[in-house]
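A quick write-up on the structure given underneath.
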Protein chains: 2
Amino acid sequence: MKYNLSQSEENYLKSIYNLIDKTKSSLINTNLIADDLKTKASSVSEMIKKLSEKELIEYKKYKGSQLTENGNAIAVQVIRKHRLWETFLVEKLNFEWDEVHEIAEQLEHIKSIKLTNKLSEFLGHPKFDPHGDPIPNEKGIFPKQHFVINLKQVKQGQFAEVVNIGSDNKNLLIFLTKNNIGIGTKIKCVDIYDFDDSIKIELMDKRTLILSKKVIKNINVKLN
Amino acid sequence: MKYNLSQSEENYLKSIYNLIDKTKSSLINTNLIADDLKTKASSVSEMIKKLSEKELIEYKKYKGSQLTENGNAIAVQVIRKHRLWETFLVEKLNFEWDEVHEIAEQLEHIKSIKLTNKLSEFLGHPKFDPHGDPIPNEKGIFPKQHFVINLKQVKQGQFAEVVNIGSDNKNLLIFLTKNNIGIGTKIKCVDIYDFDDSIKIELMDKRTLILSKKVIKNINVKLN
DNA sequence: TATAATTTTTAGGTTAACCTAAAATTATAT
DNA sequence: ATATAATTTTAGGTTAACCTAAAAATTATA
Ligand SMILES: [Mn+2]
Ligand SMILES: [Mn+2]
Ligand SMILES: [Mn+2]
Ligand SMILES: [Mn+2]
């Protein structure tokens, strides 16, 4: 099984993987992929047909797509590379966490398993990337994670720790940095506002701030 | 002047740059480029027309191509990235010098000036890559080099030091490694055989070996 | 200098990955 | 259930980068 996939093909597989992950649904709609990859549904239809012929995805016309075992394995390896490179950029080259996604989108397509493994070794086999996303190993196994919930699930008075940011959006990451929120930040939910689904949190330094629904949706925590 | 060139376009510019360097001629033949890029002359003709319209090369039909100032600057930056990445792979990830060219062919096309500069900084702004090739800086300036000559110019009895290997050929590099020749290796030319233009050299450990014309052509040295 | 050989360009085709617009299918709402 | 809306696929086109084969230009040779 030596596939030699184009960057485009890899991106489609990765997108489908991520959408399965995010939507917790096994059948992914054509339009969802188009949206995610900023392309048109017709282009997705075409590519889906091709990947389907290569048996990397399985799809029923008009119904949706899912990854085959091989397709999944490839997607996971692309994700592995993406996250290892992001880690490299932040840990070794001192990039900010909001600068690395775009570059990793390019680096994730470099073809050399040896390079990937040596990079991982060089980084000390990191288990999580700068945004708290788990990094699968060479065999595609993800590290065990603590029980992660979204910040909106946290009740008033509860203490939690940020473990993951659910988006690569640069502006979100800059916002978080400016407000002293990062991976590992400990917070307390001090108030919940039903009006707009915002919440007030308190940081270790006692400073409080109100987070919008849109921000909250992208902050994942573990309870402390 | 913000060019957004394809990998292919970058490879053509780099090829022309290298051929100008190697042949010491300012006009580069279409067939030479085709050969270098393992493509066909007709494809080169097409691409030359395109790069010419972008004013990255100048060419007269049937006469040959040369780089414009902009084209040269871009080629140099691609070469900078190639050599920095090769240095990274050898110095930080412990690759062998014969393994890195292929991977650097991919990495050289990653688009991020900030990444390139941070990588250079991370490596301590190296002046030469693992094969002894000079690494231009951000402005495209190459480091000053000692007076470099080809090994075939060395006379019987003279001492020299290997400073550069003039080819990325994997088998050549493996051959050199196996015979304890690398950048910095000190040698003495003990005999010259006119029959096949081979020479016998002596290493520091007194071991001698005979190098073929083909090998010699790719070893550049400075006299000691 | 005329002819032959070589080099380069042009003509015409292919493939991958896009696109818009139209047709087909499925979902939703009266 | 049927009409309408939304989704998905197909049809047909474009562009970049390659290709082969033929034509044109240049260079070498007799
Ligand atoms: Mn990312
Ligand atoms: Mn990508
Ligand atoms: Mn190289
Ligand atoms: Mn290249």
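Please read these numbers as outputs of a predicted model, since none were measured by experiment. Quick note on labels: first sequence line is chain A, next is B, and so on, each numbered from 1.
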- How close or far is atom P of D:dA25 from atom OH of B:Tyr59, stated in whole angstroms? 13 Å
- In residues 22-41 of chain A, what residues come within less than 4.0 Å of DNA chain D, judged by heavy atoms? A:Asn29, A:Thr30, A:Asn31, A:Ala41
- Distance, rounded to the nearest Å, where A:Glu53 contributes CD and C:dA16 contributes P: 11 Å
- Task: Using whole Å, report how far NZ of B:Lys49 lies from C1' of D:dT15.
- Result: 15 Å
- Query: Do A:Ser42 and D:dT8 have a side chain to base donor-acceptor pair shorter than 3.5 Å?
  - Reply: no
- Message: For DNA chain D, which residues of residues 72-79 of chain A approach it to below 4.0 angstrom with any heavy atom?
- Response: none
- Looking only at side chains, do A:Asp36 and A:Ser15 share a donor and an acceptor under 3.5 Å apart? yes
- Send over the distance from A:Glu46 CD to D:dT15 C1', rounded to a whole Å. 14 Å
- Query: How long is the line joining NZ of B:Lys60 and P of D:dT27, in whole Å?
  - Reply: 15 Å
- Relative to the 5' end of DNA chain C, which residue comes earlier, A:Lys63 or B:Val44, by the nucleotide with the nearest heavy atom? B:Val44
- Round to a whole Å and report the spacing from OH of A:Tyr62 to C1' of D:dT8. 5 Å
- Query: So what's D:dA28 paired with, Watson-Crick or G-U wobble, going by both distances under 3.5 Å?
  - Reply: C:dT3
